[in-house]
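Within every chain, numbering begins at 1; the chains are lettered A, B, ... in the order of the sequence lines, protein sequences first and strands thereafter.
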There are 2 protein chains.
Amino acid sequence: MITIRDVSKYASVSVATVSRVINGSRWVSDETRKKVLAAMKELGYQPNSFARSLATNKSQTVGMVVGDLSGPFFGEMMQSAEQIVRMADKHLIITSSHGTVESESEAIEFLLQRRVDVLILHLDAMPDDKLIELCEQLRIPVVIVNRLVPTMEEQCISIDNELGGYIATKHLLEQGHRSIACIAGPIYKSDSRSRLNGYRRALMEAGVDYNEHLIVESDYTEEGGKAAVKELQERNLSYSAIFAHNDHMAIGAMGWLKSEGVSVPNDVSIIGYDDIIMARYVEPSLTSVIIPVSEFGRQAGLMALRLSGEQQDNVVLRFKPELVIRNSTCRYGR
Amino acid sequence: MITIRDVSKYASVSVATVSRVINGSRWVSDETRKKVLAAMKELGYQPNSFARSLATNKSQTVGMVVGDLSGPFFGEMMQSAEQIVRMADKHLIITSSHGTVESESEAIEFLLQRRVDVLILHLDAMPDDKLIELCEQLRIPVVIVNRLVPTMEEQCISIDNELGGYIATKHLLEQGHRSIACIAGPIYKSDSRSRLNGYRRALMEAGVDYNEHLIVESDYTEEGGKAAVKELQERNLSYSAIFAHNDHMAIGAMGWLKSEGVSVPNDVSIIGYDDIIMARYVEPSLTSVIIPVSEFGRQAGLMALRLSGEQQDNVVLRFKPELVIRNSTCRYGR
DNA sequence: TTGAAAGCGCTAACAT
DNA sequence: ATGTTAGCGCTTTCAA
């Protein structure tokens, strides 16, 4: 293995000088630099990252915790984050945590063991207070994605879920719907609460009374959506539209309605949330609210670099959701 | 930061002894071991992975190159591979290469720089000979996924694509179809060639003549599938079924046919390949050939561990594809 | 069974 | 602008 010492001998300079060249220090004459560069190339020298890390106590690595390595959401996020990180010649180490507080802590622990320089966290289960405490203990900077944690706003990349709920509901209202059911996510999650708040605000603005019986709490799964719309049926209420807090539930609900002979959108309009890939493929294609997932990844990457003292790019912290209108929604009474 | 030296002092032993305890050497008395373990716990000691790597020249890391971090295929594979690798207390570093020979080499280079102990490669663009050459240069073991490279069979996790093509075609034949078009992937890829061979074998077995005009080469994308079926139309041939070399093309083809008023499966049966998530959601749901992606990941992980000298689990190298029958295929003339 | 000490390859403070 | 050298924290001979 070629070491810095070999290079220094070959170029007849000291190891310190070679190190300076490697790290782009200004205190090297052009001539020497060329000589060293040539030697490095000649010998096929490759710096040993362990030695460097040991000496600097930096790993040139950013750690990322996501809920799941599969799945379109995280995939896109990882993709864009990696691109950014790699352009800065650093590595992204990704670890998945399977949605429990414990596994999330473990995932973080695992990355810390690897001495990552900075963490990008997408945590689902861990409650705010625990997360805040954790970050205080940590001796490295942290970026939090898709979540707005009080007192840590500056490190959070998030999206306005209240606005998303508002936009979705407003779209239905504009189509003339007045009885709008809502299949909500688990209410202990702040996402769900915000989307529900947006829903209420839109109703209020339109002068439509809020009817809590039109709300069903579910679990973000397709099965859950199916169960929710069944429950709605049993409550024996009439409604002409449904706002589901995510596409999975919307698709589940749609499937059940179709199997019951209810036409979507003619009898019931449905709007989802997240715009997952499937939204385009189901029949009818699903109107949804877009989350700029890929931007999340990009910005998280940028912020991570900034926090680890590399770059100074500006980072966009807050995003706004947007509507994609497809064929699962139409005018009331059409 | 607590070092091994702190622990050694606290436990009144030498650093060498502490090191032995850490690495589970047998040459430590039970008593001493207990004392050291207690000290480590007391002080909250965490070994420094850089120092260890520098001393051992091992990183406890496996590197993985995939085509794309997003996308269901790689997601699933990464997921299962990570699980395996992590259970062995090692890290998986994943890097994406965007489908060109150059970017694939770069990705590998990037991981080598990080001194990973072993590589898991999913390479699309790089031709066999180049890959073989590369592996010879490498001083670390390599696992190749979803590809069978001559002379390196022992390091390849692969699936029988010929059989997949055969199964798919046979299914159509069994439904009574005799004119079966084929939308093939890029023919320079061995996957495509194998699937095509399977197609021919099935036809031959059934005594159906092979008609090369029924074959269209395409590019594995939805758009490509659409274009291919258009092309087929223009050739003015009749066919009652299509075997597409992947689901994307099948879905594209199906979309176009539907928009032209051709009923699937009543007028034309379609079978895809890969069983991507969308296959279940399109209308009609797509009959397809399943690839055990998640097993690929698992086995690749296991093999990587084995090659890096950790475990001795047996690894399954060859997989067989299976058919999932859904609603895009039906009996001929039904 | 334990300890002393020589590296592993690099960085950075200090000296020149 | 360049060189000397003392670590960084750990593993691993070798000696005891």
Does any donor atom in the side chain of A:R318 or A:S158 lie under 3.5 Å from an acceptor atom in the other side chain? yes

Measure from CZ on A:R115 to P on D:dG9 and round the result to the nearest Å. 9 Å

For B:N57, which contact category applies under a 4.0 Å heavy-atom criterion: base, sugar-phosphate, or nothing? nothing

Any idea which of D:dG9, D:dT12, C:dG9 is nearest the B:A16 side chain? D:dT12

Please classify the nucleic acid contact of A:V15 as base, sugar-phosphate, or nothing, using heavy-atom distances under 4.0 Å. base

Under 4.0 Å, heavy atoms only, any strand: does A:T32 hit a base, just the sugar-phosphate, or nothing? sugar-phosphate

Closest to the A:W27 side chain: D:dT11, D:dA1, C:dG9? D:dA1

Should the heavy atoms of other residues, nucleotides or ligands under 6.0 Å from CD of B:E153 be counted, would the total exceed 12? yes

On DNA chain D, nearest-nucleotide positions of B:T17 versus B:F50: which is more 5'? B:F50

Between A:T61 and B:R114, does any side-chain donor sit less than 3.5 Å from a side-chain acceptor? yes

5′-ward residue of the pair B:R20/B:A55 relative to DNA chain C: B:R20

Check the surroundings of atom CZ in A:R5: do more than 12 heavy atoms from other residues, nucleotides or ligands lie under 6.0 Å from it? no

